[in-house]
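What follows is one structure encoded as structure tokens, with my remarks underneath.
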Amino acid sequence: MEREKGYPGKEIGVMEEYLADRGTYIDWNGIIRSKYLGFIFKDNEMRKVFVKPFRKLKILEVGDTVLGRIINVSGVFGYVRIEAVNLKPLDRDFNGIVYPHRIVNRIDDVYREGDYILAKVISKVNRSLHLSIAEPDLGVVSAKCSYCGGRMRPIGKNKLRCMRCSNIEMRKLSRLYGRVI
Amino acid sequence: MSNKKGKKKKESNEEKEEEFIRIDGRKPDEMRPYKIRAHILRNADGSAEIRLGGNWIIAAVYGPKEHFPKFEISQDKAILNCRYHMTPYSTTERKSPKPSRREIELSKVIKNALEQAVVLEEFPEMSIDVYMEVAQAEGSTRVASVTAAAVALADAGIPMRDLVVGCSAGKVNGHIILDVGEEEDKEGEADLPIAIMPNLRKVVLLQMDGKLTHEEFKEAFDLALKGAMELYEEQVRALTTILKDMEIIEEGVKDEKE
């Protein structure tokens with residue numbers, strides 16, 4: 001594969017010559033042009049051309065794992081302020097919503113306000129990022145006792161006990177509880 | 001072109017009929033010295049700097065990011081926020097830092113120019129911020145700002161259909177000139193800033209101040225186009241130099257892996 005430098009608007013070829021893959025577009029004259037600053041790759045076997053951008057945008061994609069804090073719970077929905085993506089801290093605000101992955105009697109048994117959760121982005125429709133906690137590694141990774149604010153230690157499946165006042169609470173726990181944050 | 005030839009003939013006939021030399025010693029179709037650098041700021045997502053004669057403009061880009069307040073977002077494309085601002089120390093007399101009428105207008109004009117190039121449809125419900133700070137002003141800052149902003153956008157990794165590049169032409173003492181300076185802007189008869197997308201051959205910004213006849217307008221427009229293409233080459237050079245640095249880093253990583 002050949003590689004050359006590309007910048008926005010650079011002419012790569014005509015549409016009869018190559019298949020315009022990601023990072024390129026076809027203008028009204030039928031000319032394939034680059035959309036990004038990056039490197040142009042021409043695949044002469046598949047007759048395909050694409051541009052690899054050299055600077056990555058800081059936006060969330062479906063499939064990313066995020067770490068966030070639940071700032072509000074209304075109904076069954078939890079509103080999450082995302083603080084890290086793929087365990088790398090973010091420098092800007094992103095908000096998402098999370099909901100239980102199965103029917104529950106009490107939402108307090110899944111997550112509460114102030115919990116840190118590990119979740120996966122499953123969809124980006126309707127003005128918000130939809131997060132899911134339906135995997136063993138996903139769920140609450142840090143929680144505080146709702147009576148005294150003390151640290152909670154996991155005892156058994158989805159159960160936590162406060163280390164100060166021995167209050168027992170339920171959460172959808174991640175397997176990584178206490179190891180992430 | 002025909003005019004020039006005519007002038008040359010006259011010169012040879014009448015033995016040095018004074019060739020028009022501008023107030024700063026330039027020829028009518030000569031640009032000021034220019035230099036563009038990309039990626040000069042560490043904290044912004046993308047940035048660029050342009051020096052065009054005495055002009056010094058810094059452009060920075062943030063985004064795409066979640067837009068706030070939420071009721072302003074558009075469902076099908078991103079919002080492009082542009083801010084053209086002159087620093088208090090950019091002119092010989094202190095300028096109030098408050099956005100003036102002129103700055104608000106230029107922000108809007110520049111926004112309209114850049115919106116043609118950026119592929120906003122890829123980021124629905126998000127916004128992209130472009131900040132242009134004029135650190136030193138010496139005429140034709142709006143076209144220089146557009147030029148720097150386009151480089152900053154490309155540096156931020158935002159998809160664009162084409163780069164945007166601007167240049168100005170004008171008329172002083174009956175002569176059509178390229179790249180209007182500050183004194184020429186104040187005392188000249190006309191000023192014509194344009195911005196184009198050079199590969200797609202589209203005009204995205206066209207303003208005129210003063211009076212030009214139809215023929216003069218054509219001549220000035222062609223001259224400004226020529227200047228813009230000259231600046232475009234500098235833009236491409238600035239962008240490909242940062243790519244070169246990246247290439248070395250990438251190859252270094254590859255070697256380590258192997």
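Keep in mind the model is a prediction, meaning the values are calculated, not measured. Below, chains carry the letters A, B, ... as their sequence lines are ordered, and counting in each starts from 1.
- Within a 6.0 Å radius of NZ in A:K124, more than 12 heavy atoms belonging to other residues, nucleotides or ligands are found.
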Margin query: salt bridge (Lys or Arg N to Asp or Glu O under 4.0 Å) for B:K202 and A:D27? Distances and angles first, verdict last.
Written below: CA-CA 12 Å; B:K202 279 183 181 169; A:D27 73 358; over 6 Å; no
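- For a residue to count as touching a neighbouring chain, one of its non-hydrogen atoms must lie under 4.5 Å from one of that chain's; by this rule B:F68 does not touch chain A.
- In this view, B:E122 and A:K35, A:Y36, B:V119, B:P159 satisfy the side chain to side chain contact (heavy atoms under 4.5 Å, CB included) rule, not counting sequence neighbours.
- More than 12 heavy atoms of other shown residues, nucleotides or ligands fall within 6.0 angstrom of atom CZ in B:R237.
- Side-chain contact between A:F54 and B:I242 is present, with at least one heavy-atom pair separated by less than 4.5 Å.
- Residue A:L87 qualifies as open at atom CG: its count of foreign heavy atoms under 6.0 Å is 12 or below.
- B:E233 CD: 12 or fewer foreign heavy atoms inside a 6.0 Å radius.
- Neither the backbone nor the side chain of B:A150 comes within contact range of chain A, judged by heavy atoms closer than 4.5 Å.
- Counting heavy-atom pairs under 4.5 Å between each of A:L57, A:V51, A:N29 and chain B puts A:L57 at the top.
- Contact annotation for B:M197: neither backbone nor side-chain heavy atoms come within less than 4.5 Å of a heavy atom of chain A.
- Residues A:R33 and B:D162 form no side-chain contact, since every pair of their non-hydrogen atoms from C-beta on lies 4.5 Å or further apart.
- If you measure heavy-atom distances from B:Q75 to chain A, the contacts under 4.5 Å come from the side chain alone.
- Atom CZ of A:R112 sits in a crowded spot, with more than 12 heavy atoms from other residues, nucleotides or ligands closer than 6.0 Å.
- Of all the heavy atoms in A:L37 and B:D155, the pair that sits closest is CD2-CA, 4.2 Å.
- Residue A:R151 qualifies as open at atom CZ: its count of foreign heavy atoms under 6.0 Å is 12 or below.
- For the atom pair CZ (A:R55) and CG (B:L243), the distance works out to 9.0 Å, reported to the nearest 0.5 Å.
- Using a 4.5 Å heavy-atom cutoff, the side chains of B:N199 and A:K10 are not in contact.
- Contact count versus chain A (heavy atoms, under 4.5 Å) is highest, among B:K65, B:M160, B:K70, B:M126, for B:M160.
- Under a 3.5 Å cut-off, the side chain of A:Y25 and the backbone N or O of B:R161 do form a donor-acceptor pair.
- Heavy-atom distances place the side chain of B:H39, and not its backbone, under 4.5 Å from chain A.
- If you measure heavy-atom distances from B:I158 to chain A, the contacts under 4.5 Å come from both the backbone and the side chain.
- Minimum heavy-atom separation, A:K58 to B:D45: NZ-OD1, 3.6 Å.
- Atoms CD and CG, on B:E66 and A:L60 in that order, are 8.5 Å from each other to the nearest 0.5 Å.
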